[in-house]
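Heads up, the thing below is written out as structure tokens.
First the proteins, then the strands, lettered A, B, ... as listed; each starts at 1.
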Amino acid sequence: MAEKKRRERPAFNTDIAAAIGKHYKDVQANKPMAYALMSPNPLVEVAYAAGIQPAFPENYACTCAARHVSGGYCETAEAYNYAPDVCSYCRNHLGYIYGSGESPPMGGIGEPDLLLLTSCACTHYFKWWDALHEIYGKPLIFVNTPRVMEPQSEPVFYMGYAMREIEQAIADINKVMGVKITNDKLSQAVRLSGEVVDYWQKILELNKAVPCPMDLTDLSNALFVLIVLVGTQEGVDLMKKVYDETKQRVAEGKGVLSKEEEKHRLLWINIPFWYKLGMFGRFEDRGCVFPFSDYTQYIWGTTRMDSSKPIESLARKALEGELNTSVDNQIDKLLKDIKEYRVDGVIAHSNRSCRILSVGVLDAVRIIRETLDIPTLVLDCDHTDERVYSDADIMNRIDGFLEMLG
Amino acid sequence: MFAGVDIGSTSTKAVLMSDSRILGYHIVPSGSNFRQSSQVALDEAIKKANGDSRDIAGIVTTGYGRYITEMGGEAITEITCAARGASFLCPGARTILDIGGQDTKAIKIGKGGRVLDFALNDKCAAGTGRFLERIATSLGLGLDEFATLAVGSMTKLPISSTCTVFAETEVISRISNGESLEGIVRGLHSALAGRIYGLARRLKIQEEVLVCGGGALNASLIRELGDLIGDITLPPSGTDPRLVPAIGAALIAKEHYVSHPLKTSNLP
């Protein structure tokens, strides 16, 4: 069934779209340029402090998916022996490199001069970055961080270890790129990053309002700022715009749906289908909004930054993200936020090629259902590889779930 | 009277009901023209009910083809409709296993057929009726003959249920090794039952368990499921188990007509 026309989105989405366009122009024009892992990577602020332009292959995969070219890129990567169950962000990027056509989305993300990797994401990203190292022959800087199972009982030496890793990475970047990252520049980047995070945390708080001022699509768009522009004044200005508008919407009682229309507040677990964000219009038509998602809430923008302690702040950022903590810890956060955001239904994406975010999803769903007695739905699909998506199957499950919600 | 039309991947079912009584029904293969097959099914059901299309006060369409038919009325998923139909036929049912050609649904229901939770097989034929259909066809057997072979077998040869195509290869390999066809066919039914049982366990199976859909016509599959689940209920004798969602659809059409009489059927 065709989705109805989307409602008017908050105006900041237009500013973010413009910033995305500018980012890809910067990536193509600015030198030196580094590929950076998107997951809470402490080296993003370091890159900006060094005057290095970061580019994000995972973020680019989202753009490719939204332009419906990811399936083709994944297919190309598979022809180069990357199995279909390898992360589709990775396959998208390698397919783009190996088989990019004449006009890749946004002009492509060019060839890097440096590769910035961190361990606080998926382990198989190491092999992706190994491949990039081999393809481009450029230096690979790697920050290793211990996995924090329970944040409340994190061993004290973890912080020292992570800080030493970052200090070593900074020294290596200075050496291989011939730059000098000063304390002042690093403190400034961390300060700007902290300002983005502070605005973001206030935005998440505002989104508890009824009616909900921002939906998952808006939150996902705002993630661009939180991932790509942390450490820049541009990022601060943009996130302030998002905050100001959201605050205004709450003050005016303006929501994605009106208070009368908003019947259900749902939680989306895992990465959305980037090639099918329009599907959220179907939920809106049925009186449903998504005030939060684990993906937009727990991975980025979780760490308050202190510019007087830049290395410690960056180490904390790397240690605290959801991808670096235990499933139990994630479930505890979900149970708390489901209550605070007044969520009355859960849709979980069991993501075929993103195992780090999917192992534990079925347990999370079961525990939520048993603890809070709210309806749940699990969708088997993929975040980037559109070939896995089956409209009839997915929509049938969603329709059944919406009928169950009433 | 009220109509429920279930346009499934394999067959299209139309049911006409009045005062909670089935007046007529008809089942046709869905084929590739869902508009035509749903119209034929409905017309034939009307004939069997000795009725007239103008007597239909409300209609609900369900199944994967529910949106493309031009019958008007409301489109509701077969999850909701199967739950409603099952509860009507078997008020004590709390777990429904609807085994269809394209998918298998496990539905947990409360009183009155309210859906509490559901799970569908993942995107693979291995947990559905298509699993048996495909292998029966490759062996040159009809589905009835296929099921009968398994019922008579004392042995059960294990077959992988991971993938229909791989299972087919395994069957061919076992046949070429001279293994008993009956044992192989029973093994296939057992493999499918195992998949369905795994799906149902996600919901924590609650008694009474009603099995419906085309799969409920297969005695061998029911036996294998019974070995895993325990007591199984089938729709009352005389009611084709494939009709359960269409019955639910007709009942919902009536309920919606009563609550919103002006919003239901677009039929003349």
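Of the residues considered (B/Ile76, B/Thr77, B/Ile79), B/Thr77 shows the highest number of contacts with chain A, using heavy-atom pairs under 4.5 Å.
Other residues, nucleotides and ligands contribute over 12 non-hydrogen atoms within 6.0 Å of the CD atom of A/Glu340. Within 6.0 Å of CZ in A/Arg387 there are more than 12 heavy atoms belonging to other residues, nucleotides or ligands. Under a cut-off of 6.0 angstrom, the local environment of CD in B/Gln206 is crowded, with over 12 non-hydrogen atoms contributed by other residues, nucleotides or ligands. By the 6.0 Å contact criterion, OH on B/Tyr25 is open, its count of non-hydrogen atoms from other residues, nucleotides or ligands being 12 or less.
At least one side-chain heavy atom of B/Lys204 sits less than 4.5 Å from a side-chain heavy atom of A/Glu370.
A salt bridge does not link B/Arg84 with A/Glu403: every distance from a Lys NZ or Arg NE/NH1/NH2 to an Asp or Glu carboxylate oxygen is 4.0 Å or more.
Proximity to chain B (any heavy atom under 4.5 Å) is shown, for A/Arg366, by neither the backbone nor the side chain. Using a 4.5 Å cut-off between heavy atoms, B/Arg202 touches chain A through its backbone atoms (N, CA, C, O) alone. Neither the backbone nor the side chain of A/Leu362 comes within contact range of chain B; no heavy atom of the residue lies under 4.5 Å from a heavy atom of that chain.
In this structure A/Tyr82 satisfies the ring-ring contact (aromatic ring centres under 6.0 Å, His included) test with no other residue, sequence neighbours excluded.
Across all non-hydrogen atoms, the minimal contact from A/Arg397 to B/Phe118 is O-CZ, 3.4 Å.
To the nearest 0.5 angstrom, B/Leu120 atom CG is 8.0 Å from A/Asp393 atom CG. Here the CG atom belonging to A/Asp399 is positioned 3.5 Å from the OH atom belonging to B/Tyr67, to the nearest 0.5 angstrom. Taken from CZ in A/Phe401 to OG1 in B/Thr80, the straight-line distance is 12.0 Å, to the nearest 0.5 Å.
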Could you go through A/Arg369 and B/Leu203, starting from their C-alpha distance and side-chain angles, then the distance that decides it, and tell me whether this counts as side chain to side chain contact (heavy atoms under 4.5 Å, CB included)? CA-CA 11 Å; A/Arg369 202 172 49 234; B/Leu203 306 183; 5.7 Å; no
